[in-house]
Undergrad: 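Dropping the structure in here first, questions after.
Order of the sequence lines fixes the chain letters, A, B, ..., with proteins taken first and strands second; residue numbering starts at 1 for each chain.
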Protein chains: 2
Amino acid sequence: MRKQDITIYDVAREAKVSMATVSRVVNGNTNVRKDTRDRVMKVINRLHYQPNAVAQGLASKRTTTVGLIVPDLTNLYFAELSKGIDDIALLYKYNIIITSIENRLMREDQAIQGLLNKQVDGVIYMSDTLPEEAVEAFKRTDTPVVLAGTKDSHSEFPSVAIDYKKADTEALNLLYNDGRKNLALVLGNPDTVVNVQNRIPAYKKFMSDHNLGEGHIYSNVKDHSDGYNLLSQLDQDGVDGVIVTNDVTAVGILNSAIDAGKKVPEELEIITASATQIASVVRPALTAIRQPLYDIGAVAMRMLTKLMNNEEVPETQIELPYEILKKQSTTNE
Amino acid sequence: MRKQDITIYDVAREAKVSMATVSRVVNGNTNVRKDTRDRVMKVINRLHYQPNAVAQGLASKRTTTVGLIVPDLTNLYFAELSKGIDDIALLYKYNIIITSIENRLMREDQAIQGLLNKQVDGVIYMSDTLPEEAVEAFKRTDTPVVLAGTKDSHSEFPSVAIDYKKADTEALNLLYNDGRKNLALVLGNPDTVVNVQNRIPAYKKFMSDHNLGEGHIYSNVKDHSDGYNLLSQLDQDGVDGVIVTNDVTAVGILNSAIDAGKKVPEELEIITASATQIASVVRPALTAIRQPLYDIGAVAMRMLTKLMNNEEVPETQIELPYEILKKQSTTNE
DNA sequence: CTGAAAGCGCTAACAT
DNA sequence: ATGTTAGCGCTTTCAG
């Protein structure tokens with residue numbers, strides 16, 4: 001496979017020690033006399049020896065590799081989560097195998113099984129939907145899993161996220177205080193755990209608490225173009241304030257309004273429930289629930305390192321603080 | 001490691017065949033009688049046997065894993081490239097190990113070495129800079145490498161990209177035909193191969209061919225805020241048309257202009273040299289050189305699969321067609 | 001502190 | 001068509 005294939009055996013021979021000793025110095029085992037350690041190190045450097053991680057993995061049953069399951073890399077929401085994960089993984093010397101499941105050729109449970117076959121030491125799961133087969137796949141294994149930026153319906157798995165209910169309620173309240181009474185909620189997939197258990201109930205409760213009627217929930221609005229096309233419906237329904245879960249979708253609505261000569265925020269207020277770089281870069285900039293995506297990823301990965309080392313993890317259901325960033329798509333009165 | 005650790009040996013015993021035969025059916029080897037194959041398959045399913053990819057990798061010296069080296073996952077340029085890579089990798093059943101090198105804790109050659117230690121079957125390199133140590137690291141190995149969305153200075157490595165010189169010249173010409181004479185070039189890192197060998201020479205040649213003087217090249221303008229702050233300099237230099245390599249940077253300039261009440265495109269035309277989703281989502285939408293990022297990634301990965309199988313690859317320096325997307329940041333007269 | 005030896009789970013000749 | 005037998009390169013008892 002490699003041009004030069006220096007093995008631990010070559011080093012042992014050259015340094016006149018056993019492979020066991022070489023293994024010890026490679027792994028930083030302290031039970032090696034300083035001068036033998038130095039001698040071995042010298043040979044390692046001279047021969048440019050590099051341990052074969054696959055062989056190490058087979059022998060030690062640890063691959064120092066974690067698997068990431070993510071719907072779509074080109075969605076900045078996941079990219080920013082991944083960055084937090086990646087930085088902490090680097091810190092703890094773990095490699096990352098990424099499996100993208102947007103492609104319909106790959107189901108969630110297949111993705112999980114594939115990672116387990118690769119003997120990853122842990123998995124971070126970022127998809128907003130966790131099908132039953134995926135739950136089963138996780139339960140069949142001892143490999144630890146952490147959910148990042150999402151939750152499962154029974155809180156069976158460790159997770160790092162924010163309090164979506166509270167955040168949405170606060171956002172709705174902002175619109176309400178700006179005088180908006182015809183509030184709408186725009187969702188992508190309406191069947192995700194977060195939507196079913198948090199966003200939709202929070203919305204319904206808010207509407208009923210404030211006697212605002214049934215309101216309007218729009219589902220399956222997933223990208224810029226869906227958002228763009230939704231505007232006419234919003235107009236028709238007389239919506240004057242809207243929470244949009246995905247910020248690219250929110251930008252679609254915004255651009256549609258701009259192109260139609262509809263004033264944002266005067267005639268329509270928009271809040272995106274997940275701010276990525278895109279939300280801050282458009283004009284008018286979008287008021288947003290800022291989830292600490294990088295931190296969510298980082299904390300999730302940190303928790304996973306503990307789980308992989310069988311360390312004590314006192315709290316496995318973590319909620320990080322969010323922030324409501326008031327920008328130009330709300331009047332903020 | 002796993003709760004249930006069914007090995008090929010267990011299957012062999014239960015199916016009353018040798019492990020070799022089990023291995024054969026697992027790997028789709030045809031030299032197995034149909035009824036034994038069926039019997040083995042039945043046991044595999046009953047026991048939920050899953051091959052240990054690490055052991056397979058050690059024995060076969062192939063890991064069906066490729067390494068990706070990427071500067072920054074949250075840059076859509078790389079995310080879109082990665083998506084193309086990922087889709088083709090899935091098609092050919094390769095897993096992907098991602099190594100991000102933006103973090104200063106990780107040098108290019110260390111990233112490469114790390115991937116080689118993991119015994120990846122191939123590497124796709126996406127960073128726009130390829131330091132000498134990285135070149136050396138690649139040369140020390142037989143593991144194939146493909147550059148995606150970038151080039152190396154001596155065309156030593158297979159690569160998939162576009163003709164940057166031609167594209168830039170065409171973009172400059174568009175500005176010129178719109179009547180702009182004070183043209184500028186805005187770069188991130190000025191020392192990348194693409195900038196040094198393609199963009200800067202193309203710019204200089206264009207300026208001199210059209211007697212437009214020295215022109216202005218601005219370097220190290222890397223993000224939205226850098227772009228935002230650059231506007232005053234552009235004003236000072238009387239620039240009326242600008243090519244910006246990074247589209248987030250371009251948006252920074254655009255937003256700065258909007259906020260300063262400067263009309264785009266009337267007073268300043270902007271073309272971004274790499275269009276991601278962001279370029280099309282801002283208003284006015286950015287005129288752009290549309291690089292087929294997804295395709296570049298896909299073609300690079302496809303080429304890598306051939307290289308990994310020692311197949312013939314007639315052309316290793318591939319240039320894909322680009323497109324100039326005329327949008328609202330140029331007048332397009 | 002160091003070495004010998006037995007695997008880790010699988011593939012790949014080589015036999016039969 | 002199937003079985004036998006060496007490894008792949010390393011870690012990890014177990015002795016000493």
Undergrad: So, does B:S18 get its side chain near the phosphate of D:dT2, meaning an N or O under 4.0 Å from OP1 or OP2?
TA: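 No, because none of the side-chain N or O atoms of B:S18 sits under 4.0 Å from OP1 or OP2 of D:dT2.
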
Undergrad: Starting at CG of B:D38 and ending at C1' of D:dA1, how long is that distance when rounded to a whole Å?
TA: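 From B:D38 CG to D:dA1 C1': 15 Å.
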
Undergrad: Please tell me which of the listed nucleotides, C:dC10, D:dG9, C:dG3, lies nearest to the side chain of A:N52?
TA: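 When the side chain of A:N52 is considered, D:dG9 is the closest of C:dC10, D:dG9, C:dG3.
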
Undergrad: State which of D:dA1, C:dC1, C:dC10 makes the closest approach to the side chain of B:I8.
TA: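 Closest nucleotide among those given: C:dC10.
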
Undergrad: Starting at CG of A:D10 and ending at P of D:dC10, how long is that distance when rounded to a whole Å?
TA: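 The distance from CG of A:D10 to P of D:dC10 comes to 9 Å, rounded to the nearest Å.
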
Undergrad: Compare side-chain N and O positions of B:K34 against OP1 and OP2 of D:dA1 and report whether any pair is under 4.0 Å apart.
TA: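 So the side chain of B:K34 is outside the cut-off, no N or O lying under 4.0 Å from OP1 or OP2 of D:dA1.
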
Undergrad: Identify, between A:A55 and B:V32, the residue whose nearest nucleotide on DNA chain D lies closer to the 5' end.
TA: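 So the residue in question is B:V32.
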
Undergrad: On DNA chain D, nearest-nucleotide positions of B:L58 versus B:R37: which is more 5'?
TA: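 The answer here is B:R37.
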
Undergrad: Would you tell me if any nitrogen or oxygen in the side chain of B:N31 comes within less than 4.0 Å of OP1 or OP2 on D:dA1?
TA: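 Looking at the OP1 and OP2 atoms of D:dA1, one of them is under 4.0 Å from a side-chain N or O of B:N31.
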
Undergrad: Taking B:K42 first and then B:D38, would you say they form a salt bridge - that is, a charged N and a carboxylate O separated by under 4.0 Å?
TA: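 No.
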
Undergrad: Would you indicate which nucleotide in C:dT11, D:dT11, D:dG3 comes nearest to any side-chain atom of B:V17?
TA: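 Among C:dT11, D:dT11, D:dG3, the one nearest the side chain of B:V17 is D:dG3.
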
Undergrad: Check the distance between C:dT2's P and A:D35's CG and give it to me in whole angstrom.
TA: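 That distance rounds to 7 Å.
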
Undergrad: OP1 or OP2 of D:dC10 sitting under 4.0 Å from any side-chain N/O of A:K61?
TA: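 For D:dC10, OP1/OP2 do not have a side-chain N/O of A:K61 under 4.0 Å.
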
Undergrad: Using a 4.0 Å heavy-atom cut-off across all strands, classify B:V54 as base, sugar-phosphate, or nothing.
TA: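 Nothing: the residue B:V54, judged by heavy atoms under 4.0 Å, touches no strand.
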
Undergrad: Does A:M19 or A:R33 map to a spot on DNA chain C nearer the 5' end, using the closest nucleotide for each?
TA: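 Going by which nucleotide is closer to the 5' end, it is A:R33.
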
Undergrad: Are more than 12 heavy atoms, taken from residues, nucleotides or ligands other than A:E312, located less than 6.0 Å from that residue's CD atom?
TA: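 No, because the 6.0 Å sphere around CD of A:E312 holds 12 heavy atoms or fewer from other groups.
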
Undergrad: What nucleotide, of C:dA4, D:dG9, C:dC10, holds the atom closest to the side chain of A:A20?
TA: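 Closest of the options to the side chain of A:A20: C:dA4.
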
Undergrad: Is there a donor-acceptor contact under 3.5 Å linking the side chains of A:T63 and A:Q119?
TA: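 There is no such pair (donor and acceptor under 3.5 Å, judged by atom type) between the side chains of A:T63 and A:Q119.
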
Undergrad: I want to verify a distance call: between C:dG9, D:dT2, C:dT2, whose nearest atom is closest to the B:T36 side chain?
TA: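 Of the candidates, D:dT2 comes closest.
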
Undergrad: Let me know the distance between CD1 of A:I6 and P of D:dC10, rounded to the nearest Å.
TA: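 Computing the A:I6:CD1 to D:dC10:P distance gives 10 Å.
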
Undergrad: Find out whether A:Q56 and A:N27 are in side-chain contact, i.e. whether some heavy atom of one side chain is under 4.5 Å from a heavy atom of the other.
TA: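 Counting from C-beta outward, A:Q56 and A:N27 do come under 4.5 Å.
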
Undergrad: Show your working on side-chain contact (heavy atoms from CB on, under 4.5 Å) between A:K151 and A:E319 and close with a plain yes or no.
TA: CA-CA 10 Å; A:K151 297 176 175 179; A:E319 283 183 345; 2.7 Å; yes

Undergrad: Would you sort out whether B:D86 and B:K83 count as a salt bridge (Lys or Arg N to Asp or Glu O under 4.0 Å), showing the intermediate values?
TA: CA-CA 5 Å; B:D86 187 72; B:K83 190 169 188 166; over 6 Å; no

Undergrad: Measuring from the side chain of A:S23 (C-beta onward, heavy atoms only), which nucleotide among C:dT2, C:dG9, D:dT12 has the closest atom?
TA: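 Selected nucleotide (nearest to the side chain): D:dT12.
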
Undergrad: Remember a base hit wins even if backbone is also touched, and classify B:V26 as base, sugar-phosphate or nothing at under 4.0 Å, heavy atoms.
TA: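 Counting heavy atoms under 4.0 Å across all strands, no contact is made by B:V26.
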
Undergrad: C:dG7, OP1 or OP2 - any side-chain N/O from B:Y9 closer than 4.0 Å?
TA: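 Answer no for this pair, as no side-chain N or O of B:Y9 is under 4.0 Å from OP1 or OP2.
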
Undergrad: Would one find a side-chain N or O of B:S60 under 4.0 angstrom from OP1 or OP2 of C:dC10?
TA: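 No, outside the criterion.
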
Undergrad: Please state how far atom CZ in A:R39 lies from atom P in C:dT2, giving the value in whole angstrom units.
TA: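 My rounded result for the distance is 8 Å.
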
Undergrad: To the side chain of A:R24, which of D:dT2, D:dT13, C:dT11 is closest?
TA: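 The closest nucleotide is D:dT13.
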
Undergrad: Starting at NZ of B:K16 and ending at P of D:dT2, how long is that distance when rounded to a whole Å?
TA: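 Roughly 16 Å, once rounded to whole Å.
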
